[in-house]
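A quick write-up on the structure given underneath.
Index from 1, following the sequence. As the structure is a computational prediction, the values presented were derived from the model and not from experiment.
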Amino acid sequence: MTTPQNTQRLRLVLYVRVSTGGQLDGYGLEAQETDGRKWARKYGHRIVQVCQDGAVTGKSTDDERAGLTEALGLLAAGEADGILAPTLDRLARELTIQEAALSVVWAYGARAFTVDHGEHLADDEDDPMRTFVRHVMGAAAQLERGLIVKRLRSGRRTKAAAGGYAYGSPAYGYQAVNKELVEAPEEMAVLKQMDAWKGEGLGVRGIAARLNEKGIPSKRGGRWHPTTVARALDPAARAAAREQSTRDAARRREEAKRTRAEKILHRLS
């Protein structure tokens with residue numbers, strides 16, 4: 001249900017966001033801004049500034065998102081009367097962070113709007129259903145997003161277990177075409193040359209040096225190193241490197257969780 005609009009002309013800061021790795025729904029920054037400006041014109045409001053966060057996860061806290069921090073700063077300075085976002089989950093996918101952002105908006109005496117809903121009124125002790133409905137809708141959106149991510153991950157794991165290409169950068173000598181791995185002819189020729197050098201007794205360090213001397217780029221276009229040569233020539237080395245990358249990613253996620261928890265505790269203390 002859309003909240004009826006006030007006829008008062010407001011100065012709004014438009015906030016748009018895309019998350020790390022791109023949006024699952026393909027709703028990019030340009031489309032979000034277009035929808036926001038169209039909504040503002042429809043109801044007679046004025047967009048005073050557009051603040052954006054590109055490639056930032058919706059679970060990030062406000063101080064990790066320069067665009068949202070800038071938008072809240074405009075409200076605090078009295079340079080805007082309210083904030084407008086395409087949907088509430090563009091402020092943050094995680095319900096607790098979303099609620100924290102709304103609390104800051106209302107604490108500044110500003111107003112919160114979304115294109116799909118209209119105005120989100122501040123909490124009122126005499127109207128507990130207002131808060132309840134917003135929480136339920138936020139939790140439902142968070143659940144839907146989580147289920148989509150889970151299905152994608154499960155599909156990738158199933159495909160990988162069956163020996164198919166699921167995700168990640170293809171190994172040297174291969175390229176992804178229509179989500180399938182096919183040989184890259186030029187890289188396969190380089191691999192054959194590397195195997196020949198190896199057969200001559202040249203080690204990975206020597207092979208890397210020879211590739212660099214000949215100006216042959218690595219998979220990512222840079223210089224060759226002994227480790228990249230080893231991964232290119234040895235499937236076991238590639239598997240070990242991928243496992244190490246997975247462990248490193250898991251470690252970074254845990255460190256991010258701890259950092260985030262420490263920030264929240266610091267604010268509460």
Side-chain angles (χ1 to χ4, degrees), residues 1-20 22-62 65-124 127 129-145 148:
M1 181 178 67
T2 301
T3 304
Q5 304 305 313
N6 193 312
T7 57
Q8 178 185 0
R9 180 178 171 85
L10 301 174
R11 301 167 301 159
L12 299 178
V13 54
L14 175 59
Y15 176 71
V16 295
R17 174 186 65 81
V18 291
S19 62
T20 305
Q23 291 296 335
L24 294 178
D25 56 12
Y27 194 26
L29 294 174
E30 184 176 349
Q32 293 177 45
E33 181 176 344
T34 298
D35 287 348
R37 290 188 179 279
K38 184 184 299 183
W39 184 94
R41 285 195 301 270
K42 178 179 179 179
Y43 293 105
H45 303 311
R46 180 166 61 94
I47 301 297
V48 295
Q49 189 161 328
V50 177
C51 299
Q52 67 179 46
D53 280 315
V56 176
T57 173
K59 295 183 178 181
S60 299
T61 53
D62 59 329
R65 293 161 59 179
L68 180 58
T69 300
E70 180 185 10
L72 297 177
L74 291 170
L75 299 180
E79 296 178 20
D81 304 307
I83 188 170
L84 170 64
T87 60
L88 276 184
D89 64 0
R90 294 296 159 172
L91 286 178
R93 290 198 313 272
E94 194 166 287
L95 182 59
T96 53
I97 301 175
Q98 174 183 295
E99 287 296 300
L102 288 173
S103 296
V104 172
V105 171
W106 294 326
Y108 289 146
R111 298 164 67 176
F113 300 86
T114 58
V115 172
D116 68 335
H117 175 86
E119 182 169 11
H120 294 269
L121 299 174
D123 293 338
D124 185 347
D127 186 10
M129 281 297 294
R130 179 186 300 175
T131 305
F132 173 75
V133 171
R134 189 179 69 250
H135 285 182
V136 169
M137 292 176 65
Q142 183 173 316
L143 174 61
E144 180 181 12
R145 177 78 181 198
I148 292 173

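- Of all heavy-atom pairs between Val50 and Val16, the closest is CG1-CG2, 4.4 Å.
- Nearest heavy atoms, Asp53 versus Ala66: OD1-N, 3.4 Å.
- Closest approach of Ile83 to Tyr15, counting heavy atoms only: CD1-CB, 4.0 Å.
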Give the table of side-chain donor-acceptor pairs shorter than 3.5 Å for residues 74-81, with sequence neighbours excluded, one pair per line with atom names and distance.
{"from": "Asp81", "atom 1": "OD1", "to": "Arg11", "atom 2": "NH2", "distance (Å)": "3.0"}
{"from": "Asp81", "atom 1": "OD2", "to": "Arg11", "atom 2": "N", "distance (Å)": "2.8"}
{"from": "Asp81", "atom 1": "OD2", "to": "Arg11", "atom 2": "NE", "distance (Å)": "3.2"}

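- Of the possible donor and acceptor atoms, one in the side chain of Gln32 sits under 3.5 Å from a partner among the backbone N and O of Arg17.
- Annotation: side chain to side chain contact (heavy atoms under 4.5 Å, CB included) contacts of Thr87 (sequence neighbours excluded): Asp89, Arg90, Asp116.
- Atom NE2 of His120 and atom OG1 of Thr114 lie 3.0 Å apart (nearest 0.5 Å).
- Atom CH2 of Trp39 sits about 4.5 Å away from atom NE2 of His45, to the nearest 0.5 Å.
- By the side chain to side chain contact (heavy atoms under 4.5 Å, CB included) test, Glu99 is found to be paired with Leu95, Leu102, Arg134, His135, residues two or more places apart in sequence or in another chain being considered.
- Summarising the geometry, atom CD1 belonging to Ile47 is positioned 5.0 Å from atom CG belonging to Leu14; distances are rounded to the nearest 0.5 Å.
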Go through Leu88 and His117 one step at a time and tell me if the side-chain contact (heavy atoms from CB on, under 4.5 Å) criterion holds. CA-CA 9 Å; Leu88 276 184; His117 175 86; over 6 Å; no
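- Considering only heavy atoms from C-beta on, Cys51 comes within 4.5 Å of Val13 through its side chain.
- Considering all non-hydrogen atoms of both residues, Leu10 and Arg111 come closest at CD1-NH1, 3.6 Å.
- The side-chain heavy atoms of Glu70 and Gln49, taken from C-beta on, include a pair separated by under 4.5 Å.
- When all heavy atoms of Ala110 and Gly82 are compared, the closest pair comes out as CB-CA, 4.2 Å.
- Closest of all the heavy-atom pairs between Leu72 and Tyr108 is O-CE1, 3.5 Å.
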